[in-house]
Amino acid sequence: MTDTPPKLFDPQAVAQNRNRASRLDAGHQFLQAEIADRLFERLQEVNRDFPDRIDLAGRFAPFLPAAEQPKYRPHTTHADTLALEANSADLIVSNLDLHWTNDLPGFLVQAKMALRPDGLFCAALFGGETLHELRHSLIAAESEIRGGAGQRVIPFADVRDLGSLMQRAGFALPVTDLDTLTLTYEHPLGLMQELRGMGEANAMVNRPKTFMRRDVLLRAAQIYQEKFSREDGRIIATFEVIYLTGWHPHDSQQKPLKPGSGNVSLADALKAGKPPTKK
């Protein structure tokens, strides 16, 4: 009997953060809208139809053109359980959601099983370099003033690890690639407010349960501005977005090359004639 690994994230807190964000200014969702658009462009390059389409967590279809939205069935995930019948979907899409999954390897296996043969899984999630400026500033300020620091920014997965997880889950022609987006804000507090509006506030099980002290917060903002600002005074914030693509195995698919002989390109894996557009 194997021990259940400890959970990093609190699903109830994730849901509460998203419910709170849904009541705030929709302008905070601009990053979700941008990544949904990039995912949609990639899917437009796929030379086949997907009759039964699933939008995991419902964070993809609402940002598509109105004519495309009804084609996707929203699906609410519960913690790490996908709760879809085997061979029940032709396409599963996830937009900026899976970085909150405790058991990502198990979740990917469930996604592969839920697809019909030659079905496609396509997801985007935040990667390891996301918010590294904010993480550094908060840790430095709290360590300086309090002598120790809690984890205020969640850990994000590495692109190489995610590629391995896709292979272990049994996807055919798995591909991982990434975009790095650098956003700017007038002040670090503006970035923190935006994260709350996106539903991306800290939801770790072991997160500090009290509000950050004012002196720590102000010192963190000062460190941020000193180390991570442009000449015009605006601070920068990095968002690394990792894209995962994989197919449920089918005899008609292109066979992967032998280990060491090369990699399958994203264009080949998606059966496209050109790579995705980078904005």
Looking at [X] and [Y], would you say the former's side chain and the latter's main chain have a donor-acceptor pair under 3.5 Å?
X: R59; Y: L96; value: yes
X: N102; Y: K7; value: no
X: R48; Y: D118; value: yes
X: D37; Y: A33; value: no

Q: Would you mind checking if D97 and R18 are paired as a salt bridge, meaning a charged N to carboxylate O distance below 4.0 Å?
A: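 Yes, this pair counts.
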
Q | For D158, all residues meeting side chain to side chain donor-acceptor pair (under 3.5 Å), sequence neighbours excluded | A |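 Only R160 meet the side chain to side chain donor-acceptor pair (under 3.5 Å) criterion with D158.
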
Q: Sequence neighbours left out, what passes side chain to side chain donor-acceptor pair (under 3.5 Å) with R135? Give chain and number order.
A: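 Applying side chain to side chain donor-acceptor pair (under 3.5 Å) to R135 gives none.
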
**Q.** Crowding at CD, Q222 (>12 non-hydrogen neighbours, <6.0 Å)
**A.**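 Yes, because the 6.0 Å sphere around CD of Q222 holds more than 12 heavy atoms from other groups.
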
(Q) Less than 4.5 Å apart, side chain to side chain, heavy atoms only: is that true for L125 and L162? (A)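 Side-chain contact under 4.5 Å: yes.
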
Q. R196: what forms a salt bridge (Lys or Arg N to Asp or Glu O under 4.0 Å) with it, not counting sequence neighbours?
A.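 R196 satisfies salt bridge (Lys or Arg N to Asp or Glu O under 4.0 Å) with no other residue.
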
Q. Is it true that the side chains of Q110 and T81 contain a donor and an acceptor less than 3.5 Å apart?
A.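 Per modelled atom types, Q110 and T81 side chains form no pair under 3.5 Å.
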
Q: Answer yes if the side chains of E200 and H99 hold a donor-acceptor pair under 3.5 Å, and no otherwise.
A: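 A pair is found: one side chain offers a donor N or O, the other an acceptor, under 3.5 Å apart.
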
Q. Any idea how F228 and H136 line up, ring-wise: parallel (<30°), tilted (30 to 60°), or perpendicular (>60°)?
A.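 The rings of F228 and H136 stand perpendicular, inter-plane angle above 60°.
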
